[in-house]
Undergrad: 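Pasting a structure below so you can have a look.
Letters go in sequence order (proteins before strands), and every chain restarts at 1.
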Amino acid sequence: MQGEYREHFDAIERKWQERWRAEGAFAAPARPDGSKFYCLEMLPYPSGRLHMGHVRNYSIGDAVARFQAMRGRDVLHPMGWDSFGLPAENAAIQHGTHPARWTSENIIYMGRQLRRLGLSYDWSREIAAHRPDFYRWNQWFFLKMLERGLAYRSRRWVNWCGSCQTVLANEQVEAGRCWRCESTVGRTELDQWFLKITAYAEELDRELDGLVGWPERVRAMQRNWIGRSEGAVVRFPIADASGRPGGGALEIFTTRLDTIFGATFCVVAPRHPVLDGIPAGSPARLRLEEFLRRIDARDMTRAGLEPEEKEGIDTGLRARNPFNGEVLPVWTANFVLMEYGTGAVMAVPAHDERDFEFAGKYGLPVRAVVVPGDGPPAAGDPQAARVEDGRLVASGPYSGQDSASARRSMLRDGEAGGFARGALQYRLLDWGISRQRYWGTPIPVIDCPNCGTVPVPEKDLPVLLPEDVPLTGEGGSPLARVASFVNARCPRCGGAGRRETDTMDTFFDSAWYFYRYADPRNDRAPFDQATIASWFPIDLYIGGITHATMHLIYCRFFAKVLRDLGLVRFAEPVKNLLCQGMVLKGGTAMSKSKGNIVDPDDMVRRYGADTTRLFTLFAAPPEKDLEWNEQGVEGCFRFLERVWRLLLPLAPGLAGAPRPGDGEGAGDPRRAALRRRVHRTIERVTTDIEKRLHLNTPIAALMELLNGLQDFCRDATDADRPYIKEAGLTLALLLQPFAPHISEELWEELGGEGQARRQPWPAAARRWLEEDEVEIAVQVNGRLRGRLRVPPSLSEPEAVARARADAHIAAHLEGRTVRKIIFLPGRLLNIVVG
RNA sequence: GCCGGGGUGGCGGAACUGGUAGACGCAAGGGACUUAAAAUCCCUUGACCCUCUGGGUCAUGUGGGUUCGACUCCCACCCCCGGCACCA
């Protein structure tokens, strides 16, 4: 082929893409034979076009997948579409297209973009969440969970996005705003379907320690999110305002049982059931109702934003501290949450910042019961709560004990007395999956006036999403307006029933989609168990850090549910996780509003897929943010141009040349140096990808190889051809993970057999990794004073002798006594003198 | 506030278990080629200093420490990024 790379890259890339397509190049076997590698990248939402974040994500995955395939593994490298969700529906409302049509068109366009990048996906396994053959298994899993009590319906106060007209899970509320549209989230009370993820809270937390292939920051985020907290639940008997026992008890959760003698009041959440005991019409009830109205009004506008001013009222109820018999007023206040613990707390203003603030505002007593372990208690009124552990005072029989042992003995006594028990609390809440939107999986239940809530029988799955649905964006579930959908026979009694009209959160789809890839066309089960066992766990999962809590916790939860259903035999589906950094331009994320978007199509058109991929891999290590830099892209393009310019003109002469024999060229310093460089490059590229998952340094190594080869070629003769051929073919193979098209073309032009991607990954020959001369550093007292070129096997005395023979080094030794010699063969000599 | 990650040239980044700091790329400067420019190729490029074909000193956020030797280990501090945050 004649001419410059820039004239050819487009044709080369299309040629190989077409060949790969025609031969079904990346199809994985139904089950792996020997060693397998499941390489997974987070599937995209089909929003319309790829962005650079996708390109980066998929370039990383493709490099690893191609590398592992050449290393001889059976590679499963699939791709699909997270194709249910709001944007499709919003597009329908705004532009009048049907979500299904909008989605399909986007999938076609983006699929074409992915193919144009030359990514090695097994397209025969492509899945899409919005297709009935996928979502019927959502429904199937839901029914299984329903059977086991892991799915349930409950009337709850929920996060409500007024703009998206839907309920949001807690994880989807970021700083009080909707994670998608960023509008303020309010609160409303609705019947909702929940998945009991809290049943697995303990396991989800504990097993994080074993996920050694996950980044520490992701594990930390999940630990934060699960929020395990160890403490005690204490029963405070309820009394009325005059102190007479009123029957019943208030249970409070505390992590600071040691401070219980300092409790001066209790606080319950505004909707705590204990408040139901306040007689209707009483002055206390009227005050309570007035208070609830006030905080509700506020909830709707600023839920979850800044912490509000603490506000509360004395309910008139009284509770008796079982440890000292003290009768304490029970308040209700906005800072105590019904969702956490028991929805009630004992307030110890002396040792809790929130209680201190509240007590200060309402003039409630403050009593210190813990003093610093190593000194006298501070005199006078405290200025702040003292939250540290210490030594107990004014705590009856516990006075004098330190906090930790007091907690133990108080818990023991409380358990013996039947008024306290140890308790583990989690911040994690059950996962609300109901969405009042159209474009999602219908929840397969029917409400019957006679039989209650009845699951749709398995044989009737899938419950199809109807096509003809009016989408107005005016709120409420769109499906509720479709009579033919809503009206359904009760599967149990055959009477008239009403179908559930909410659809599932799309995180349900992505919590299990990667099992489906292993067995994508199974119509009898979500997947075959033996097939799953053969491909799992996922060896490498690559995606954005944005999914550290939601998606990646749901995945883990699902795996445990599947395990308990007997469908899989493991609890953790992802062995190694890589969270790649964002792609930035001008220091910030690319976005339409900032006008700093770099379009992948544009890059591919101007530089080709190989260059685009190469740059996203070269410019930063995978987990760091990547600043887009056009000049950097040019640099990568220039590298491929130089490869082309050097090797293509030589190709006709090289194609027929033999490759050098094992030890050939050892006697010629130039040839030996080149061969060493070639084999050292193989070694570096291999270990960097395999052991360290670094992709920028292997590319740097390839650039060095090219630089070396270029020097070699400058004064090469025809007799040097075998050496150039070895270097060129090796370069072609080592380029395969990063720039697969030019890799194939080079391989072909240089007379390689078959396709580069099908060759075994080159092995570095030991003899060429060993240098016959190395440069060692010579230090005097740890300071570098010279370098010597020596054989690697040089002994210590000889090294010292050569160092002394060097005038500069000798000058530093002049007149001093050698105290110690540190010698690292082939690396360093340090002479310590006094 | 709590938790996690990170501070290395003008820039992106290298440096494997403590052993020659700055690989590779970008940018910049100089040169060759050219009528000229672009492209390409070659050279230089951490800072400072000197008696300048060489050599020295200082340099990996700051200050200490361990060590023959520290970007790497330990202690204290500063700054940046991310997560959680009235969670009792």
Undergrad: Whole Å only: how far is the CD atom of Glu627(A) from the P atom of rA27(B)?
TA: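 After rounding, the reported distance stands at 15 Å.
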Undergrad: I'd like the P distance from rC73(B) over to rG5(B), given in whole Å.
TA: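 That atom pair is separated by 12 Å.
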Undergrad: Take atom C1' in rC2(B) and the same atom in rG9(B), then report the distance between them in whole Å.
TA: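 Result for the C1' pair: 36 Å, nearest Å.
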Undergrad: Counting only Watson-Crick pairs (N1-N3 plus N6-O4 or O6-N4) and G-U wobbles (N1-O2, O6-N3), all under 3.5 Å, who is the partner of rU40(B)?
TA: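 By the stated definition (distances under 3.5 Å), rA32(B) pairs with rU40(B).
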Undergrad: For the side chain of Asn830(A), counting heavy atoms from C-beta on, which of rA27(B), rA88(B), rC68(B) is nearest?
TA: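 Closest of the options to the side chain of Asn830(A): rC68(B).
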Undergrad: Quick one: is Thr697(A) getting a side-chain N or O under 4.0 Å of the rA23(B) phosphate, OP1 or OP2?
TA: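 Negative; the distance criterion is not met.
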Undergrad: Hunt down the Watson-Crick or G-U wobble partner of rU57(B), both distances under 3.5 Å, from any strand shown, or write none.
TA: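 rU57(B) is paired, partner rA47(B).
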Undergrad: Which part of the nucleic acid, if any, lies within contact of Val345(A), taking any heavy atom under 4.0 Å across all strands shown: a base, the sugar-phosphate backbone alone, or nothing?
TA: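 The answer is base, as Val345(A) lies within the cut-off (heavy atoms under 4.0 Å) of a base atom.
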Undergrad: Would one find a side-chain N or O of Lys820(A) under 4.0 angstrom from OP1 or OP2 of rC68(B)?
TA: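 Yes, Lys820(A) has a side-chain N/O under 4.0 Å of OP1/OP2 on rC68(B).
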Undergrad: Between Asn696(A) and rA23(B), is there a side-chain N or O to OP1/OP2 distance below 4.0 Å?
TA: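 So the side chain of Asn696(A) is outside the cut-off, no N or O lying under 4.0 Å from OP1 or OP2 of rA23(B).
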Undergrad: Check for a donor-acceptor pair, side chain of Arg56(A) on one end and backbone N or O of Pro622(A) on the other, with a separation under 3.5 Å.
TA: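 Side chain of Arg56(A) to backbone of Pro622(A): a pair is present.
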Undergrad: Centroid separation under 6.0 Å, is that true for the rings of Tyr5(A) and Phe637(A)?
TA: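 Yes, close enough.
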Undergrad: Charged N to carboxylate O under 4.0 angstrom, Arg294(A) versus Glu311(A)?
TA: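 A salt bridge is present here (some side-chain N lies under 4.0 Å from a carboxylate O).
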Undergrad: May I ask you to say what Arg642(A) touches in the nucleic acid, namely base, sugar-phosphate or nothing, with a heavy-atom cut-off under 4.0 Å?
TA: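 Sugar-phosphate, backbone atoms only, no base.
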Undergrad: When the distance from NE2 of His694(A) to C1' of rA15(B) is rounded to whole Å, what number comes out?
TA: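 Nearest whole value for this atom pair: 12 Å.
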Undergrad: Suppose you measure atom P in rG55(B) against the same atom in rU40(B); what distance do you get, rounded to whole Å?
TA: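 The answer is 36 Å between these two P atoms.
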Undergrad: Partner of rC73(B) by Watson-Crick or G-U wobble geometry, both contacts under 3.5 Å, or none?
TA: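 Result: rG65(B).
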Undergrad: Of the options rU40(B), rG19(B), rC84(B), whose atoms approach the side-chain atoms of Glu641(A) most closely?
TA: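 Nearest listed nucleotide: rU40(B).
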Undergrad: Mind checking whether Phe323(A) and Phe419(A) have ring centres under 6.0 Å apart?
TA: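 Here the rings of Phe419(A) and Phe323(A) have centres that are less than 6.0 Å from each other.
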Undergrad: Considering only atom P, compute the distance from rA32(B) to rG25(B) and round it to an integer number of Å.
TA: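 Per the computed distance, 24 Å lies between those P atoms.
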Undergrad: If you check every side-chain atom of Ile822(A), which of rA88(B), rC24(B), rC68(B) has the closest atom?
TA: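 For Ile822(A), the side-chain atoms sit closest to rC68(B).
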Undergrad: With a non-hydrogen cut-off below 4.0 angstrom, is Arg219(A) in contact with a base, only sugar-phosphate, or nothing?
TA: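 No contact.
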Undergrad: Reckon His351(A) touches a base, only the sugar-phosphate, or nothing at all at heavy-atom distances under 4.0 Å?
TA: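 No contact at all - His351(A) keeps every heavy atom at 4.0 Å or more from the nucleic acid.
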Undergrad: When you compare rG22(B) with rA15(B), how far apart are their C1' atoms, in angstrom units rounded to a whole number?
TA: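 The same atom, C1', in both gives a distance of 8 Å.
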Undergrad: With nearest nucleotides of RNA chain B determined for Ala344(A) and Asp625(A) from heavy-atom distances, which residue corresponds to the more 5′ nucleotide?
TA: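 Checking each residue's closest nucleotide, the 5'-ward one belongs to Asp625(A).
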Undergrad: Considering heavy-atom distances to RNA chain B, does Ala619(A) or Glu216(A) have its closest nucleotide positioned more toward the 5' end?
TA: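 Closest to the 5' end, via its nearest nucleotide, is Glu216(A).
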Undergrad: Just to confirm, is there a sub-4.0 Å distance from OP1 or OP2 of rG56(B) to any side-chain nitrogen or oxygen of His812(A)?
TA: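 Yes, because at least one side-chain N or O of His812(A) sits under 4.0 Å from OP1 or OP2 of rG56(B).
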Undergrad: Between Phe9(A) and Trp644(A), does a ring pair (Phe, Tyr, Trp, His ring centres under 6.0 Å) hold up when you go through it step by step?
TA: CA-CA 10 Å; Phe9(A) 69 81; Trp644(A) 189 261; over 10 Å; no
Undergrad: How close or far is atom P of rG13(B) from atom CZ of Phe618(A), stated in whole angstroms?
TA: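 From Phe618(A) CZ to rG13(B) P: 11 Å.
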Undergrad: Taking any heavy-atom pair under 4.0 Å as a contact, classify Ala220(A): base, sugar-phosphate, or nothing.
TA: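 Here Ala220(A) touches the backbone only, sparing every base.
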Undergrad: Please work out if Arg827(A) contacts a base, only the sugar-phosphate, or nothing of the nucleic acid, heavy-atom cut-off 4.0 Å.
TA: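 Base contact - Arg827(A) has a heavy atom under 4.0 Å of at least one base atom.
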Undergrad: Can you find a side chain N or O atom of His808(A) that sits less than 4.0 Å from OP1 or OP2 on rG55(B)?
TA: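 The answer is yes; a side-chain N or O of His808(A) sits under 4.0 Å from OP1 or OP2.
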Undergrad: Using a 4.0 Å heavy-atom cut-off, does Lys691(A) contact any base of the nucleic acid, only the sugar-phosphate backbone, or nothing at all?
TA: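 Nothing, no heavy atom under 4.0 Å.
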Undergrad: Is Asp355(A) touching bases, backbone alone, or none of the nucleic acid, heavy atoms closer than 4.0 Å?
TA: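 It contacts nothing in the nucleic acid.
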Undergrad: Within the structure shown, what part of the strands sits under 4.0 Å from Arg714(A) by heavy-atom distance: base, sugar-phosphate, or nothing?
TA: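 Counting heavy atoms under 4.0 Å across all strands, the contact made by Arg714(A) is with sugar-phosphate only.
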Undergrad: Looking at the rings of Trp431(A) and Phe507(A), which for Trp means the six-membered one, are their centres under 6.0 Å apart?
TA: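 Here the rings of Phe507(A) and Trp431(A) have centres that are no less than 6.0 Å from each other.
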Undergrad: Using the C1' atom as the point on both nucleotides, what is the distance between rA59(B) and rC49(B), in whole Å?
TA: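 Looking at atom C1' only, rC49(B) and rA59(B) are 14 Å apart.
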Undergrad: Closest to the Glu704(A) side chain: rG13(B), rG83(B), rC24(B)?
TA: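 Shortest atom-to-atom distance from the side chain points to rC24(B).
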Undergrad: Does any nucleotide pair with rC52(B) by Watson-Crick or G-U wobble geometry, both distances under 3.5 Å, and what is it?
TA: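 Its partner is none (no Watson-Crick or G-U wobble pair with both distances under 3.5 Å).
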Undergrad: Check for me whether Lys310(A) meets the cation-pi criterion with Phe358(A), that is, NZ or CZ under 6.0 Å from the six-membered ring centre and within 45 degrees of the ring axis.
TA: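 The answer is no, since Lys310(A) fails at least one limit relative to Phe358(A).
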Undergrad: Heavy atoms under 4.0 Å, any strand shown: does Arg783(A) hit a base, just sugar-phosphate, or nothing?
TA: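 Contact class for Arg783(A): sugar-phosphate only.
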Undergrad: Should rG82(B) form a Watson-Crick or G-U wobble pair with both distances under 3.5 Å, which nucleotide is its partner?
TA: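 rC3(B) is the nucleotide pairing with rG82(B).
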Undergrad: Under 4.0 Å between a side-chain N/O of Arg217(A) and OP1 or OP2 of rG6(B), yes or no?
TA: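 Indeed not, no polar side-chain atom of Arg217(A) lies that close.
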Undergrad: To the nearest Å, give me how far apart CG (Asp806(A)) and C1' (rU20(B)) are.
TA: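 After rounding, the gap between these two atoms is 15 Å.
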Undergrad: Grab the CD-C1' distance between Gln631(A) and rG25(B) for me, whole Å please.
TA: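 Atom-to-atom, Gln631(A) to rG25(B), this comes out as 12 Å.
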Undergrad: Partner of rC11(B) by Watson-Crick or G-U wobble geometry, both contacts under 3.5 Å, or none?
TA: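 Its partner is rG25(B).
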Undergrad: Are Lys624(A) and rG13(B) close enough that a side-chain N or O sits under 4.0 Å from OP1 or OP2?
TA: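 Indeed, a polar side-chain atom of Lys624(A) lies that close.
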Undergrad: Please tell me which of the listed nucleotides, rU20(B), rG82(B), rC26(B), lies nearest to the side chain of Glu775(A)?
TA: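 The answer is rU20(B).
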Undergrad: If I pick the C1' atom on rA21(B) and the same atom on rG54(B), what distance separates them, to the nearest angstrom?
TA: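 Result for the C1' pair: 22 Å, nearest Å.
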Undergrad: For Pro621(A), which contact category applies under a 4.0 Å heavy-atom criterion: base, sugar-phosphate, or nothing?
TA: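 Here Pro621(A) touches the backbone only, sparing every base.
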Undergrad: Syn or anti: how is rG9(B) classified when any glycosidic angle within 90° of 0 counts as syn?
TA: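 That one's syn.
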Undergrad: For Ser591(A), is there any backbone N or O sitting under 3.5 Å from a side-chain donor or acceptor partner on Asn596(A)?
TA: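 Between the backbone of Ser591(A) and the side chain of Asn596(A) there is a qualifying donor-acceptor contact (under 3.5 Å).
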Undergrad: Select base, sugar-phosphate, or nothing to describe what Arg645(A) touches, counting heavy atoms under 4.0 Å on all strands.
TA: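 The residue Arg645(A) makes sugar-phosphate contact but no base contact.
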Undergrad: Verify, without hydrogens or angle tests, whether His351(A) (side chain) and Val369(A) (backbone) share a donor-acceptor contact under 3.5 angstrom.
TA: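 Side chain of His351(A) to backbone of Val369(A): a pair is present.
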Undergrad: Report the glycosidic orientation of rC52(B): syn if within 90° of 0, anti in every other case.
TA: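 Syn, which is what one calls it when the glycosidic angle falls within 90° of 0.
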Undergrad: Using a 4.0 Å heavy-atom cut-off, does Gly341(A) contact any base of the nucleic acid, only the sugar-phosphate backbone, or nothing at all?
TA: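 Here Gly341(A) touches no strand at all.
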Undergrad: Taking the C1' atom of each, how far is rA27(B) from rU66(B), in whole Å?
TA: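 41 Å, rounded to whole Å.
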Undergrad: Side-chain N or O of Arg427(A) less than 4.0 angstrom from OP1 or OP2 on rA85(B)?
TA: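 For rA85(B), OP1 or OP2 has a side-chain N or O of Arg427(A) closer than 4.0 Å.
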Undergrad: Once you apply a heavy-atom cut-off of 4.0 Å, does Glu357(A) come out as touching a base, just sugar-phosphate, or nothing?
TA: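 Nothing, no nucleic acid heavy atom in range.
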Undergrad: Which nucleotide sits closest to the side chain of Met703(A): rC86(B), rG25(B), rU40(B)?
TA: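 Nearest to the side-chain atoms of Met703(A), counting from C-beta on, is rG25(B).
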Undergrad: Can you tell me if Asn696(A) uses its side chain to pair, donor with acceptor, with the backbone of Ala620(A) under 3.5 Å?
TA: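 Checking the backbone N and O of Ala620(A) against the side chain of Asn696(A), no donor-acceptor pair under 3.5 Å is found.
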Undergrad: May I ask you to verify if any side-chain N or O of Arg785(A) is less than 4.0 angstrom from the OP1 or OP2 atom of rU57(B)?
TA: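 True: Arg785(A) side-chain N/O within range (under 4.0 Å) of rU57(B) OP1/OP2.
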